[in-house]
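A note on names: the letters A, B, ... follow the listed sequences, proteins ahead of strands, and every chain is numbered from 1. Values below: all heavy atoms of this structure, side chains included; hydrogens, waters and symmetry mates excluded. These numbers come from a predicted model, not from an experiment.
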Amino acid sequence: MGDTVISVSNLVKSYSDLRAVDGISFSINRGEVFSLLGPNGAGKTTTVEILEGVRNRTSGEISVLGEDPERSRSLIFKVGILPQDFSFIYNSTPKEALEYYRDTLGASTDIREILDIVDLADKSSTPFQKLSGGQKQKLGLALSLVNDPEILFLDEPTSGLDPRARRNIWTVIKTLKERGKSILLTTHYLEEAELLADRVAIMNKGKIIDSGAPMEIVERHHENDKLVIRGDGEVESIVRAGGFQVQRDGAYIKVSLKNIKDATEIINYLYERKAKFDDFTLKRESLEDVFIRMVGEIEEDEAE
Amino acid sequence: MRPSRIKAYFILHAKSYFRSRSAVFFQIAFPIILILLFGAIFSGSSYSPSALVIQNESPSAASWGVVTAINDSGLFKVQLIKQDVNLSQYINSNSVQAALLIPSNFTANLYSGGHGFVILEGHTNPTVASADYQTLNGILTQINFREGNTTQKLVLSSQLAIGNSGKTIDYYVPGLIGFTVLSTMFNMVYTVPNYRRERVFRQLSFSGLTKSEWIIANMIFSFIMLVISDVILVSLGIYVFGASLVLTAATILFSGLIIFGGLIFFTSVGILAGLVSDNEETVSVVGNLVMFPMMFLSGVFFPLSFAPHYVVTISKFLPLTYFINSLISVMDYGNISSVALQILWLMIGSVVLFGAAVYLFSWKQK
């Protein structure tokens with residue numbers, strides 16, 4: 001328990017008849033990137049806001065750096081927060097915002113260094129309202145770093161950003177991870193969680209339905225790995241004769257695998273029969289495939 | 001509460017504020033435009049004569065001579081009331097703005113070689129009182145000259161705050177200062193729901209700033225801006241339009257006190273009004289509902305003495321009326337003692353409303 005920076009036990013948050021968070025438990029270790037993954041409305045943001053001290057819980061036990069965020073005011077000086085839909089005073093520049101945070105949080109951070117980390121130095125004097133969506137998120141991230149926090153809460157940090165801006169934010173988060181920060185990341189981008197998180201907890205309708213390292217979750221729930229071969233009708237016939245399920249997709253055939261080792265067997269079988277095929281790829285199920293099967297399609301426009 | 005955090009937000013707010021052209025325009029430029037406008041229109045004018053109720057408790061040739069002279073001047077619409085009527089009650093029940101009492105010892109004093117005092121009372125608006133006082137004094141002086149008196153035998157005494165020039169611009173300077181103070185409320189009515197909707201408050205809370213620190217930083221900044229804009233207003237009033245203001249150390253101090261109390265009062269009202277607004281439409285409705293009655297019915301843009309009776313009645317329920325009247329008494333007439341109680345009430349109201357604003361204002365999401 002010495003390395004646990006966040007612990008949550010039987011956390012419940014109710015709004016009249018609705019249980020937005022329904023008895024979840026998890027813990028986060030020091031230096032770990034932990035991701036709450038789930039569709040909109042799963043209860044991720046509510047959970048994070050309770051841990052940030054922004055909302056009060058209905059019941060359950062929570063501890064952030066050994067303190068209860070609902071009661072501790074000093075905690076705000078030890079954590080960094082990038083909330084969902086980050087916004088700031090429209091006419092303030094990133095430099096002014098960072099200087100303000102440094103002064104109110106009593107930090108001695110070098111503002112230029114933070115601007116460099118988030119790659120925002122060239123926009124340091126641009127008013128907030130004139131920054132692009134990605135630059136605004138970078139500023140939010142920069143503000144969360146001013147007090148050199150032990151824990152970072154990043155709530156949907158790349159939501160609504162274009163792919164390039166999203167990758168820029170990922171680079172920053174990877175840098176923070178390398179610097180040993182503990183990070184609680186919520187996202188509904190599966191790729192993001194798979195790329196950045198050491199462990200994920202999949203939330204749906206206020207409950208955690210599974211948790212662990214992304215690959216562990218894939219291993220536990222994968223059903224349908226595929227071998228994709230570029231080949232003609234003869235190749236297709238040979239594979240079918242081997243008793244495998246085959247589906248043609250243009251110049252390719254997709255072979256469903258019950259066991260990943262079957263892929264080697266099929267390729268050897270084709271070589272033995274001197275079948276003509278140009279290329280083959282093993283396509284394993286991703287976290288996204290498993291996630292969609294577990295909680296259903298993510299509806300982008302669904303309200304949080 | 002940490003002064004360093006208040007200072008940090010003050011600096012952030014100030015830099016952001018001066019980058020906003022509309023904010024600077026409404027705080028500084030707009031009141032200046034108003035005083036230039038009103039000053040240009042009204043700087044040479046005085047008030048029209050008003051109705052004057054006269055009660056003669058000392059009937060004699062001399063006293064009736066005074067009444068006749070006033071009536072014949074055409075400067076007042078004279079209305080006589082009987083001796084047995086209680087003048088104070090009559091003034092209150094009929095909202096009389098000007099009443100002249102010729103006391104029972106008037107004739108005896110005059111004939112025994114002394115002074116004949118007449119007393120002016122009943123005004124609700126000191127500026128109009130000043131104009132009436134000047135006019136009446138002029139009439140009494142003329143009677144003195146006509147009677148060949150070498151000394152002023154007829155003396156006008158007043159139970160009102162009497163000013164020194166009676167110019168309309170004297171009235172507009174405190175009125176426009178009232179407008180600048182009211183604009184701080186306007187800022188809050190719009191800022192509070194806007195910052196809540198845009199989640200700026202949530203972000204500020206992550207910086208360690210508390211809600212009371214945010215309110216105080218805003219008030220300090222607004223007070224500095226008020227001092228700047230009000231000094232400009234007073235300077236323009238005096239040096240461009242010839243306003244006659246009583247500027248002594250005491251009146252400046254008390255004017256500052258009234259403005260400071262008004263700032264806390266109206267900023268707190270603005271925060272409370274902003275709390276009931278959830279979206280842009282209700283912000284606009286609440287903002288206008290709170291602002292416009294005070295702007296137009298408290299005597300900012302026109303003297304209440306010109307207004308119909310029902311407007312005067314409504315104005316008594318609007319706090320800005322008392323704020324402006326206090327400023328007029330202090331700045332135009334140097335009369336601090338008559339508004340001491342009003343200033344005390346303003347301060348008490350400010351403290352209560354500030355407490356309510358801090359208590360009800362919440363960073364947290366509902």
What part of B/F201 is in contact with chain A, defined as an atom under 4.5 angstrom from a non-hydrogen atom: side chain, backbone, both or neither?
neither
Answer with side chain, backbone, both or neither: which region of B/L204 has an atom nearer than 4.5 Å to a non-hydrogen atom of chain A?
both
Check whether A/N147 gets within reach of chain B through its side chain, its backbone, both or neither, counting any heavy atom under 4.5 Å.
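Contact with chain B: none, neither part.
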Tell me, side chain or backbone of A/R73 under 4.5 Å from chain B's heavy atoms, or both, or neither?
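Looking at A/R73, just its side chain touches chain B.
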Spatial distance of atom CD1 (A/I62) from atom CD (A/E70) [nearest 0.5 Å]
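Output value for this atom pair is 6.5 Å.
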A cation-pi test, strictly: NZ or CZ of A/K136 under 6.0 Å from the centre of the six-membered ring of A/F88 and no more than 45 degrees from its axis. Yes or no?
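No, a cation-pi geometry is absent between A/K136 and A/F88.
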Side chains of A/E156 and A/Y189: any donor to acceptor distance under 3.5 Å?
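No, because no side-chain N or O of A/Y189 sits under 3.5 Å from a partner of the opposite role on A/E156.
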Test: A/R57 and A/E49 ion pair at under 4.0 Å:
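Looking at A/E49 together with A/R57, the answer is no, because their closest N to O distance does not fall below 4.0 Å.
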Between A/E150 and A/R30, is the closest basic N to carboxylate O distance under 4.0 Å?
yes
Chain A shares the most heavy-atom pairs under 4.5 Å, among B/V200, B/L12, B/N194, with B/L12
For the candidates A/L105, A/L143, A/T93, which exhibits the highest count of non-hydrogen atom pairs separated by less than 4.5 Å from chain B?
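Most heavy-atom pairs under 4.5 Å with chain B: A/L105.
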Between A/D103, A/V146, A/T104, which shows the greatest number of heavy-atom pairs under 4.5 Å with chain B?
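Greatest number of close heavy-atom pairs with chain B: A/T104.
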Output field: ring centroids A/Y90/B/Y195 closer than 6.0 Å:
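No, the ring of A/Y90 stays outside the 6.0 Å limit from the ring of B/Y195, centre to centre.
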